Engineer: 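To start, I am sharing the structure in question, which I have written as structure tokens.
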Amino acid sequence: MLQIQLIRENPQFVIDRLKVKHFDAEGIISEISQLDVDIRQNKKSLDDNLMEQKKLSAEIGKLFKEGKAAEAADLKARIAELKETEKQLQAKVAEAADKIQERLFLMPNLPHASVPEGKTAADNEIVYTEGDASNFDYDAMPHWDLVKKYDIIDFDLGCKITGAGFPVYKGKGARIQRALIDFFLDEAVQHGFTEIQPPYMVNEASAYGTGQLPDKEGQMYHCEVDDFYLIPTAEVPITNIYRDVILKESDFPIKNCGYSACFRREAGSYGKDVRGLNRLHQFDKVEIVVIEHPDRSYETLEKMKTYAMSLLTKLGLPFRVLRLCGGDISFTSALTFDLEVYSKAQQRWLEVSSVSNFESFQANRLKLRFKDEATGKMRLAHTLNGSALALPRVLAALLENNQTDKGIIVPEVLRKYTGFDMID
RNA sequence: GGAGAGAUGGCCGAGUGGUCGAAGGCGCACGCCUGGAAAGUGUGUAAACGCCGAAAGCGUUUCAAGGGUUCGAAUCCCUUUCUCUCCGCCA
């Protein structure tokens with residue numbers, strides 16, 4: 001959520017920046033400005049009204065003590081009048097505040113200056129490419145066939161037990177999955193991240209805190225009896241650790257990581273993109289979440305991106321890094337880098353990580369602040385997060401790219417976790 | 001799920017209708033004391049919003065949340081949430 005002060009002080013800047021995200025803010029901002037003026041006027045009147053009431057009350061108190069109860073009657077009558085006006089003012093203020101809130105929720109985060117212009121994924125800027133992204137010169141098998149051949153992931157069985165998008169990992173499939181989780185977590189811990197095991201369900205307040213609610217309600221599984229939501233990413237519980245928290249400057253940076261299963265309804269998605277492991281309702285991911293001082297958040301974003309890249313390098317997978325354009329970047333993000341691995345059998349790039357700086361957008365909703373030592377004032381912290389990494393597509397690329405006549409070669413770095421070097 | 005107790009500032013803890021934003025303590029910050037430290041001592045110690053160019057200052061709100069009684073509520077009533085204890089169930 002954007003800060004109202006920013007809109008109040010520099011509306012044109014907000015309008016201009018949001019054009020990059022193809023969001024026309026002009027109308028909404030003029031509404032907010034008008035409501036903002038209203039609310040302040042009414043607030044002032046309300047405050048004055050309340051002050052008057054308090055004064056009169058104090059006088060009544062005095063009179064009662066002096067035993068002059070009769071004289072208090074006049075004052076009571078005046079208070080009754082004030083209360084009438086108060087009611088009206090309260091209603092006006094509350095209504096304006098609600099409307100402002102509604103509108104602020106509709107406004108996306110401002111994109112960083114480096115976000116390229118563009119409308120679709122095709123306009124994303126490729127900032128880095130690594131590894132051999134050429135295709136096999138023979139008929140390579142896509143992973144959905146490979147997993148059947150080696151009997152390591154069973155999609156049909158998942159359908160039987162639950163439904164589409166809930167695969168069952170078996171034998172070496174389950175083991176390599178666990179190996180990837182361990183590898184990602186160990187690497188993160190070595191890089192100074194604190195490992196967190198978060199709850200997989202969150203309450204409504206947490207879902208609001210990180211912005212899943214109110215706008216993305218349909219994307220989460222909702223447990224209605226208890227009003228809990230299954231997390232779509234570990235970002236939600238891990239970031240919400242810091243909801244309503246006031247930090248000291250010396251606390252920065254706060255670096256957490258965590259593995260979780262992730263649950264996404266992905267309502268309305270269909271077609272070839274979702275085949276096999278490409279898109280699931282339940283999948284595994286290791287997430288990194290950083291809370292940082294506003295002055296250093298972009299340095300930190302760079303480090304997080306580099307860190308995520310190092311994982312793909314170690315796994316020996318060809319990949320590229322994209323700087324997302326204004327049209328493709330998420331609602332909440334100011335700057336996002338996507339990491340995509342190349343899947344040689346599918347002959348396409350698959351997104352395995354998204355590393356973003358949300359600046360103060362999430363922190364504003366979370367009320368995550370710190371005391372600025374120089375000024376003594378409260379400021380919003382910056383939040384960042386990234387996948388490091390999401391497993392299914394990494395596994396898909398790994399299976400496809402490492403296939404040989406004799407089996408699938410397990411990357412060197414995973415062997416100490418799997419205990420085998422070949423899936424055959 | 002049943003029965004009971006409770007929720008106060010960074011923490012502990014007092015406060016059952018009238019200058020209570022809230023005693024006292026701890027912690028923290030700054031000063032004095034000291035060669036330095038400890039001890040001692042003094043002062044200060046929340047946030048949101050608004051008025052003001054800024055600061056100072058002032059005003060309003062906030063004692064789990066929401067509603068009610070009252071001229072006036074941390075204090076009384078109702079609802080909700082959460083925590084604790086005992087019982088039941090249970091990996």
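Quick note on labels: first sequence line is chain A, next is B, and so on, each numbered from 1. Note that these values count all heavy atoms, side chains included, but never hydrogens, waters or copies made by symmetry. Only a predicted model underlies this, so the values are computations on that prediction, with no experimental measurement involved.
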Engineer: Please measure how far the P atom in C49(B) lies from the corresponding atom in G40(B), and state the result in whole Å.
Structural biologist: 40 Å
Engineer: When the C1' atoms of C71(B) and G15(B) are compared, how many Å lie between them, rounded to an integer?
Structural biologist: 23 Å
Engineer: Find the distance Lys62(A):NZ to G17(B):P and express it as a whole number of Å.
Structural biologist: 22 Å
Engineer: For RNA chain B, find the residues of residues 84-100 of chain A with a heavy-atom distance under 4.0 Å and give them by number; none if there aren't any.
Structural biologist: none
Engineer: Base, backbone or nothing for each nucleotide of nucleotides 47-55 of chain B, written B, S, -, heavy atoms under 4.0 angstrom, 5' to 3'?
Structural biologist: SSBSS---S
Engineer: Hey, is CZ on Phe331(A) packed in by over 12 heavy atoms from elsewhere, all under 6.0 Å?
Structural biologist: yes
Engineer: Rounding to a whole Å, what distance do you find between Lys367(A):NZ and U62(B):C1'?
Structural biologist: 12 Å
Engineer: For RNA chain B, produce a single dot-bracket line, 5' to 3'. Pairs: Watson-Crick or G-U wobble, both distances under 3.5 Å. Symbols: ( ) within strand, [ ] crossing, | other strand, . unpaired.
Structural biologist: ((((((((.[[[..)..(.....]]]((((((.......))))))((((((.....)))))).[[[[[..)....]]]]])))))))....
Engineer: Yes or no on salt bridge (Lys or Arg N to Asp or Glu O under 4.0 Å) for Arg78(A) and Glu52(A), after CA distance, side-chain angles and deciding distance?
Structural biologist: CA-CA 10 Å; Arg78(A) 276 174 66 192; Glu52(A) 188 67 22; 3.4 Å; yes
Engineer: Quick one: do the His382(A) and Glu292(A) side chains pair a donor with an acceptor below 3.5 Å?
Structural biologist: no
Engineer: Should Lys170(A) and Asp151(A) be marked as a salt bridge (Lys or Arg N to Asp or Glu O under 4.0 Å) after you check the CA-CA gap, both sets of side-chain angles, and the distance that decides it?
Structural biologist: CA-CA 7 Å; Lys170(A) 301 197 295 190; Asp151(A) 195 25; 3.0 Å; yes
Engineer: Are Ser45(A) and Asn42(A) close enough that a side-chain donor and a side-chain acceptor fall under 3.5 Å?
Structural biologist: no
Engineer: For Phe370(A) and A46(B), what is the distance between atoms CZ and P respectively, to the nearest whole Å?
Structural biologist: 19 Å
Engineer: Measure the distance from NZ on Lys54(A) to C1' on G72(B) and round it to the nearest whole Å.
Structural biologist: 10 Å
Engineer: Report each atom pair, protein N/O against N/O of nucleotides 89-91 of chain B, whose distance is under 3.5 angstrom.
Structural biologist:
none

Engineer: Measuring only the P atom in each nucleotide, how far is G21(B) from A46(B)? A whole number of Å is fine.
Structural biologist: 15 Å
Engineer: For Asn278(A) and Arg275(A), which I'm curious about, is there any donor-acceptor pair between the side chains at under 3.5 Å?
Structural biologist: no
Engineer: Rounding to an integer number of Å, can you tell me how far Met51(A) CE sits from G72(B) P?
Structural biologist: 17 Å
Engineer: Rounded to the Å, how far apart are Glu59(A) CD and U19(B) C1'?
Structural biologist: 13 Å
Engineer: Verify the distance criterion only: is there a donor paired with an acceptor across the side chains of Glu359(A) and Asn109(A) at less than 3.5 Å?
Structural biologist: no
Engineer: For atom C1', what is the distance between A5(B) and U41(B), given to the nearest Å?
Structural biologist: 42 Å
Engineer: For the residue pair His293(A) and Phe370(A), categorise the inter-ring angle as parallel (less than 30°), tilted (30 to 60°) or perpendicular (more than 60°).
Structural biologist: tilted
Engineer: Does CD belonging to Glu31(A) count more than 12 external heavy atoms closer than 6.0 Å?
Structural biologist: yes
Engineer: Under 3.5 Å, is there a donor-acceptor pair between the Asn256(A) and Tyr242(A) side chains?
Structural biologist: yes
Engineer: Do Gln346(A) and Glu400(A) meet the criterion of a side-chain donor-acceptor pair at a distance under 3.5 Å?
Structural biologist: yes
Engineer: Using atom P in both nucleotides, what's the gap between G13(B) and C84(B) to the nearest angstrom?
Structural biologist: 16 Å
Engineer: Please say which of Pro199(A), Ser260(A), Ser206(A), Cys262(A) ends up in a side chain to side chain contact (heavy atoms under 4.5 Å, CB included) with Ile231(A).
Structural biologist: Ser260(A)
Engineer: Looking only at side-chain N and O atoms, does Gln88(A) offer a donor or acceptor that is under 3.5 Å from a partner on Glu84(A)?
Structural biologist: no
Engineer: Would you check, one step at a time, whether the test side-chain contact (heavy atoms from CB on, under 4.5 Å) holds for Met422(A) with Ile409(A)?
Structural biologist: CA-CA 5 Å; Met422(A) 192 74 106; Ile409(A) 300 164; 3.9 Å; yes
Engineer: Taking atom C1' in both C63(B) and U16(B), what distance in whole Å separates the two?
Structural biologist: 14 Å
Engineer: Which value, in whole Å, describes the distance between the C1' atoms of nucleotides G59(B) and A38(B)?
Structural biologist: 45 Å
Engineer: Are Ile288(A) and His191(A) packed together at the side-chain level, in the sense that at least one heavy-atom pair is separated by less than 4.5 angstrom?
Structural biologist: no
Engineer: Do any N or O atoms of the protein come closer than 3.5 Å to N or O atoms of nucleotides 65-71 of chain B, and which pairs are they?
Structural biologist:
| unit_1 | atom_1 | unit_2 | atom_2 | d |
| --- | --- | --- | --- | --- |
| C71(B) | O2' | Ser57(A) | OG | 3.0 |

Engineer: Please, which pairs that meet salt bridge (Lys or Arg N to Asp or Glu O under 4.0 Å) have at least one residue in residues 185-210 of chain A, sequence neighbours excluded?
Structural biologist: Glu187(A)-Lys314(A)
Engineer: Taking the P atom in each of A7(B) and C12(B), what is the distance between them to the nearest angstrom?
Structural biologist: 12 Å
Engineer: In whole Å, what is the span from the NZ atom of Lys248(A) to the P atom of G27(B)?
Structural biologist: 15 Å
Engineer: For the pair Tyr221(A) and Phe263(A), name the ring-plane relationship: parallel under 30°, tilted 30 to 60°, perpendicular over 60°.
Structural biologist: perpendicular
